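Here the structure is laid out as structure tokens; the discussion comes afterwards.
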Amino acid sequence: LCFFFFQAEDGIRDSVASRGLGDVYKRQVSTQSTWGLLFPLQRGLMEEANIIEVCQNIQTSADAGNWEQYATSYADEVLIDYSSFFGAPPAKVKKEVCVENAKKVLPKFTSTMHIMTNFVVHIKGETAEASCYLQALHVIKGAPGGDAYTIFGNYNFELAKTISGWKVIMMKFTFKHHTGNLGLLAIAAKLQQPL
């Protein structure tokens, strides 16, 4: 990207006296300083967008049943914490285990829709933290007690920057509230085949 600066001839500007090349250089330095401020800001915004996309991909890919894409958000090992909902303690697991666990459960629902909003991202060099709200709808058509069950809560993520981009190294869900058929997860667990 090149910038060209021209100084008008004195005769062209009539009543405006020439300010000389020094004025051109001053404007050039001022312009370069402005770009110097904008580029880091732009890079920061792009990094934030990439981090949000990585976190959202976990849920959107799971809803779509795209397990290959689902796996791309995780580092090789991930600390998973759903203790506020399931009661089990946090555990560090392989990426492949995350995929297999999701594949065992989510396809048993007629449909799922995970909505993640209100992201807050903090980047610290090669690591980052992100948080968001979650609303997760689960549906089994014709289930006893009602078709739908919705969970509300918060997600917290820790990510590390790798050669292939940002990867989730920790994912924690904090349960807040649920509505609908509270037995729907148990019904899904008992189903032998995906719907």
Side-chain angles (χ1 to χ4, degrees), residues 48-122 128-160 164-195:
E48 285 190 19
N50 289 337
I51 288 167
I52 292 172
E53 183 178 4
V54 168
C55 296
Q56 287 181 323
N57 176 68
I58 293 175
Q59 305 298 350
T60 55
S61 296
D63 288 338
N66 187 342
W67 305 114
E68 183 176 350
Q69 180 65 29
Y70 175 83
T72 63
S73 286
Y74 292 112
D76 291 338
E77 285 193 334
V78 191
L79 179 63
I80 303 293
D81 185 356
Y82 279 86
S83 57
S84 71
F85 186 66
F86 292 115
K92 183 170 285 190
V93 299
K94 298 287 186 182
K95 171 172 61 177
E96 294 77 13
V97 174
C98 293
V99 176
E100 289 305 313
N101 286 344
K103 287 173 69 174
K104 288 177 183 177
V105 177
L106 292 179
K108 293 183 177 181
F109 294 93
T110 307
S111 62
T112 60
M113 181 183 292
H114 294 76
I115 302 171
M116 305 169 78
T117 63
N118 295 45
F119 270 90
V120 177
V121 177
H122 298 287
E129 297 177 352
S131 62
C132 68
Y133 296 166
L134 174 76
Q135 179 178 332
L137 171 67
H138 304 74
V139 175
I140 298 178
K141 289 184 178 179
D147 293 354
Y149 170 64
T150 304
I151 309 170
F152 301 86
N154 293 19
Y155 264 122
N156 289 89
F157 300 92
E158 292 179 5
L159 302 95
S164 55
W166 290 98
K167 302 294 179 183
V168 173
I169 58 174
M170 190 282 294
M171 183 168 69
K172 178 180 180 180
F173 175 68
T174 303
F175 171 74
K176 297 295 185 182
H177 181 60
H178 55 185
T179 61
N181 184 352
L182 304 187
L184 201 67
L185 298 185
I187 292 172
K190 293 176 181 178
L191 294 175
Q192 297 300 314
Q193 299 294 331
L195 296 175

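Model, not experiment: these values are computed from the prediction.
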Testing the basics here: between [X] and [Y], what is the closest heavy-atom pair and its distance to 0.1 Å?
X: Ala71; Y: Lys95; value: O-CD, 3.2 Å
X: Thr110; Y: Lys141; value: OG1-N, 3.0 Å
X: Leu184; Y: Ala148; value: CD2-C, 4.0 Å
X: Cys55; Y: Ala130; value: SG-CB, 4.3 Å
X: Asn181; Y: Ala143; value: ND2-CB, 4.4 Å
X: Thr117; Y: Cys132; value: O-CB, 3.2 Å

Taking the side chain as every heavy atom from C-beta outward, state whether [X] and [Y] have any pair of such atoms under 4.5 Å apart.
X: Gln135; Y: His177; result: no
X: Asn154; Y: Ser131; result: no
X: Phe152; Y: Leu134; result: no
X: Leu191; Y: Ile140; result: yes
X: Ile58; Y: Tyr70; result: yes
X: Tyr74; Y: Val93; result: no

Could you state the interatomic distance from [atom1] ([X]) to [atom2] ([Y]), rounded to the nearest 0.5 Å?
X: Lys172; Y: Ser83; atom1: NZ; atom2: OG; result: 6.0 Å
X: Phe157; Y: Ile52; atom1: CZ; atom2: CD1; result: 11.0 Å
X: Leu106; Y: Trp67; atom1: CG; atom2: CH2; result: 4.5 Å
X: Thr174; Y: Tyr155; atom1: OG1; atom2: OH; result: 10.0 Å
X: Thr60; Y: Met113; atom1: OG1; atom2: CE; result: 12.0 Å

Using only atom types and a distance under 3.5 Å, with no angle test, would you say the side chain of [X] pairs donor to acceptor with the backbone of [Y]?
X: Lys167; Y: Thr72; result: yes
X: Asp63; Y: His114; result: yes
X: Thr112; Y: Ala136; result: no
X: Ser84; Y: Phe175; result: yes
X: Ser73; Y: Val54; result: yes

(request) Please say whether more than 12 non-hydrogen atoms of neighbouring residues, nucleotides or ligands are located less than 6.0 Å from CD in Glu53. (result)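 Check fails, neighbour count at 12 or below.
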
(request) Give a yes or no on this: more than 12 heavy atoms of other residues, nucleotides or ligands lie within 6.0 Å of atom CG of Asn118. (result)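 Check passes, neighbour count above 12.
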
(request) Start with the C-alpha distance between Lys94 and Glu77, add both sets of side-chain angles, then the distance that settles salt bridge (charged side-chain N to carboxylate O under 4.0 Å, His left out), and finish with yes or no. (result) CA-CA 4 Å; Lys94 298 287 186 182; Glu77 285 193 334; 3.4 Å; yes

(request) List the steps and the verdict of side chain to side chain contact (heavy atoms under 4.5 Å, CB included) for Phe86 and Asp81. (result) CA-CA 9 Å; Phe86 292 115; Asp81 185 356; over 6 Å; no

(message) side chain to side chain contact (heavy atoms under 4.5 Å, CB included) for Tyr149 and Ile187? Distances and angles first, verdict last.
(response) CA-CA 11 Å; Tyr149 170 64; Ile187 292 172; over 6 Å; no

(request) Please name all residues satisfying ring pair (Phe, Tyr, Trp, His ring centres under 6.0 Å) with Phe119, sequence neighbours left out, ordered by chain then number. (result)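 Expected list: none.
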
(message) Within the 3.5 Å criterion, strictly below it, is a donor on Asn156 or Glu129 matched to an acceptor on the partner's side chain?
(response)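 Side chains of Asn156 and Glu129: no pair found under 3.5 Å.
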
